[in-house]
2 protein chains.
Amino acid sequence: MARRRGGGNRPVRMKDVAKDLNVSVVTVSKVLRKHPDISPATRKRVLKRIKELDYQPNWIARSLVTRRTYIIGLVVPDLMHSFFAEIAKAIAQKVRPKGYIVVIANSDEDPKSERQEIELLLARRVDGMIVASAQPPGQTGIFKRIRGREMPFVLIDRLFPTLDVSYVGVSDEAIGEMATEHLIERGCQWIAHIRGHQITTGIGRLKGYRSALERHALKVPDRYVVKGGYGDTTGYDTMKKLLRVKPRPDGVVCYNDPVAAGAIKAIVEAGLDIPSDIAVIGAGNVRYSDLLRIPLSTVDQSSGLIGEQSAELLLELIESKRRPCPQKILLSPKLIVRDSSKRDGF
Amino acid sequence: MARRRGGGNRPVRMKDVAKDLNVSVVTVSKVLRKHPDISPATRKRVLKRIKELDYQPNWIARSLVTRRTYIIGLVVPDLMHSFFAEIAKAIAQKVRPKGYIVVIANSDEDPKSERQEIELLLARRVDGMIVASAQPPGQTGIFKRIRGREMPFVLIDRLFPTLDVSYVGVSDEAIGEMATEHLIERGCQWIAHIRGHQITTGIGRLKGYRSALERHALKVPDRYVVKGGYGDTTGYDTMKKLLRVKPRPDGVVCYNDPVAAGAIKAIVEAGLDIPSDIAVIGAGNVRYSDLLRIPLSTVDQSSGLIGEQSAELLLELIESKRRPCPQKILLSPKLIVRDSSKRDGF
DNA sequence: GGCTATTGAGTTAGCGTTAACTTTAAGGAT
DNA sequence: ATCCTTAAAGTTAACGCTAACTCAATAGCC
């Protein structure tokens, strides 16, 4: 009994292509998959008919059989941060030629919401995932769950050292060190640090900040290190607090560029000059960083490269039969000096 | 004959849940779909077993039967423009509770690449699409194709007036008018305009710019209107050209904020003061706009609202049996005055 | 008590494709 | 002529799920 829902003209199926050609569905399927079975003559006939009917293979049906969705999940903490937007773009560009599409999930820096997003992607049976995680350092449960499902995945930006998984990012310690080192060279003595939350990147950069100070035998009390968030508003608020610390800081290493942008606003509003009173440096080399009130010195994390490399790694994990060993790729940060730190050294 | 590929422990299926419970697969399916057939007792037993086995329904198989993918395609010209990133975020947030995921495709402002992305989404049989199109005004072929496929879709940001489709955005003419009007009020006489390319938004804003000038009986020669691109670099270059126009413009209406940011850079580099020498206004109220070198006046396009509304519209199109009529929603722009235009009027 | 609803299941038949196997016909070697 | 190989198809049975239908048992009614 023909059972046909909805009145509309349904999409063309292989069956339709095969019918007037007097070939079987399998023949059409084989043509599409470039199976060597088919003779050039038949292939040509089939291809012609496919074009005539504007046939497009049904990915869903195909997925059901092959167990491949050709969907890649990307989980980021904040798509509006151009750092992640650029990564997303690079990933999509990299995987597109191979037929993959990218689903982007936002966690809003919330560990729980991130876990939900990941669960959803698991349920959707994506072929692999790339995750910039907002989980606190110890919390690796969700990653173990991903691995339990035998789902290929690559972590980016935020490293979980105890976990043996593929990773692409820059060394956060190097970032913190490079930024701090730069301010020291520029003659800053009382260098403050607006740090991120308890996630790995925040800790790494703090560590780098400390080790740079130590190497130069600079003693800076703990009150110069304050917790900020990830955005400009928190950067603004935190900087205001820092301005009351005595002696006043003459340099600030910010967790990232948005925070730095907020900090700059606070400093300018206080009537102070950047960089002569206070030098500022951020991280991430966010778009517009050089268009800010005071062009912002920053440490570049080469987001495009992170996207590309992670996509490459993931594709390898997905497409190779024998799962390759997890690989950790550490890219090196790059110092970009703009006005916000351009002051004479000693 | 059992035919089982790959050694691994395959995901749990309905069959597995049903087996030791002595119920049929359909019963399990009905429980999951909240079908009223099932008694509370059976439902409970099934739910318990589902949890025990950590069963997750297979979306692919479900899609094949229901002809619904619960995937929504979003096509934007540039994900790195925070205007679009915010829209993307808002859309994802809106549709997530209903079980949809969002696939983001970047067209890079290239009409051809946009068409390819749309074709891909069609082939993937997404449930609906939201498109901020980069097609030139006349080119509506691709939209007709989408409609031919009976695929629900909503245009955003860029309107194609000749097309009878759903749309959400702000009136570009209103944007251009509001921005220009503002500069006139602030006493600018020689107001230049850096316009976008030949896409609808560019034309609309130009029109608004012209009608505002007209209403105030201001005669501004055509050489004050120059074509820019969409980004800061082109804004920078174009502004440099504008600075050589005599008499020098004392106000610039920029196509969008990135262009304005570039223009600001050029003006400042030329040793001129903003806003006393030249007032600048952009459009889009991009993140960081108030953190720019000179905090940028702008016309807000309420990107979040665009995302929300378009998602709502699309869901209606998808979920209602009888396709509702195309609806055009025009949001009103909002003037945001910051330093770049804060000068005394006449 | 016989007849008709109602409840709570189960049966059957796909959805559109592919993997694995089978078939047919032609060609070549012996 | 017989056997074996190969090329070029076709057949069959899933993939995991749901829609539509069927069925049995209980309940309700006069």
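The chains referred to below are lettered A, B, ... by the order of the sequence lines, with proteins before strands, and numbering in each begins at 1. We use all heavy atoms of the structure for the numbers below, so side chains are in, but hydrogens, waters and symmetry mates are not.
- Counting any heavy atom pair closer than 4.0 Å across all strands shown, A:S63 reaches no nucleic acid atom.
- Annotation: salt bridge (Lys or Arg N to Asp or Glu O under 4.0 Å) contacts involving residues 123-145 of chain B, sequence neighbours excluded, comprise A:D54-B:R145, B:R68-B:D127, B:E119-B:R145.
- Under the 30°/60° scheme for interplanar angles, the aromatic rings of A:Y70 and A:W59 are found to stand perpendicular.
- In terms of modelled atom types and a separation under 3.5 Å, the side chain of B:S107 and the main chain of B:S113 share no donor-acceptor contact.
- Following rounding to the nearest Å, B:D37 (CG) and D:dA24 (C1') show an atom-to-atom distance of 14 Å.
- In this structure, B:I38 atom CD1 and C:dA9 atom P are separated by 5 Å, rounded to whole Å.
- OP1 and OP2 of D:dG16 both lie 4.0 Å or more from every side-chain N or O belonging to B:Y55.
- Atom NZ of A:K328 sits in a crowded spot, with more than 12 heavy atoms from other residues, nucleotides or ligands closer than 6.0 Å.
- For the pair B:R62 CZ and C:dT17 P, the interatomic distance rounds to 21 Å; values are reported in whole Å.
- Contact check, A:T42 against D:dA9: a side-chain N or O comes under 4.0 Å of OP1 or OP2.
- Contact annotation for B:S39: backbone-only contact, meaning every heavy-atom pair under 4.0 Å involves sugar-phosphate atoms and none involves a base.
- Between the CZ atom of A:R125 and the C1' atom of D:dC15 there is a distance of 11 Å, rounded to whole Å.
- Comparing D:dA14, C:dG10, C:dG14 against the side chain of A:V65 picks out D:dA14 as the nearest.
- Of the two residues contacting DNA chain C, namely A:K30 and A:M14, the nearest-nucleotide position lying further toward the 5' end is that of A:M14.
- Distance, A:R43 CZ to D:dA7 C1': 14 Å, rounded to whole Å.
- Comparing A:P40 and A:V26 by the nucleotide of DNA chain D whose heavy atom lies nearest to each, the residue mapping closer to the 5' end is A:P40.
- Whole-Å rounding puts the A:H35 NE2 to C:dA19 P distance at 9 Å.
- Using a 4.0 Å heavy-atom criterion, one finds that B:D16 contacts no nucleic acid atom at all.
- Between A:V28 and A:R49 the shortest side-chain heavy-atom distance does not fall below 4.5 Å.
- Following rounding to the nearest Å, B:K19 (NZ) and D:dC17 (C1') show an atom-to-atom distance of 17 Å.
- Between the CZ atom of A:R67 and the P atom of C:dA19 there is a distance of 11 Å, rounded to whole Å.
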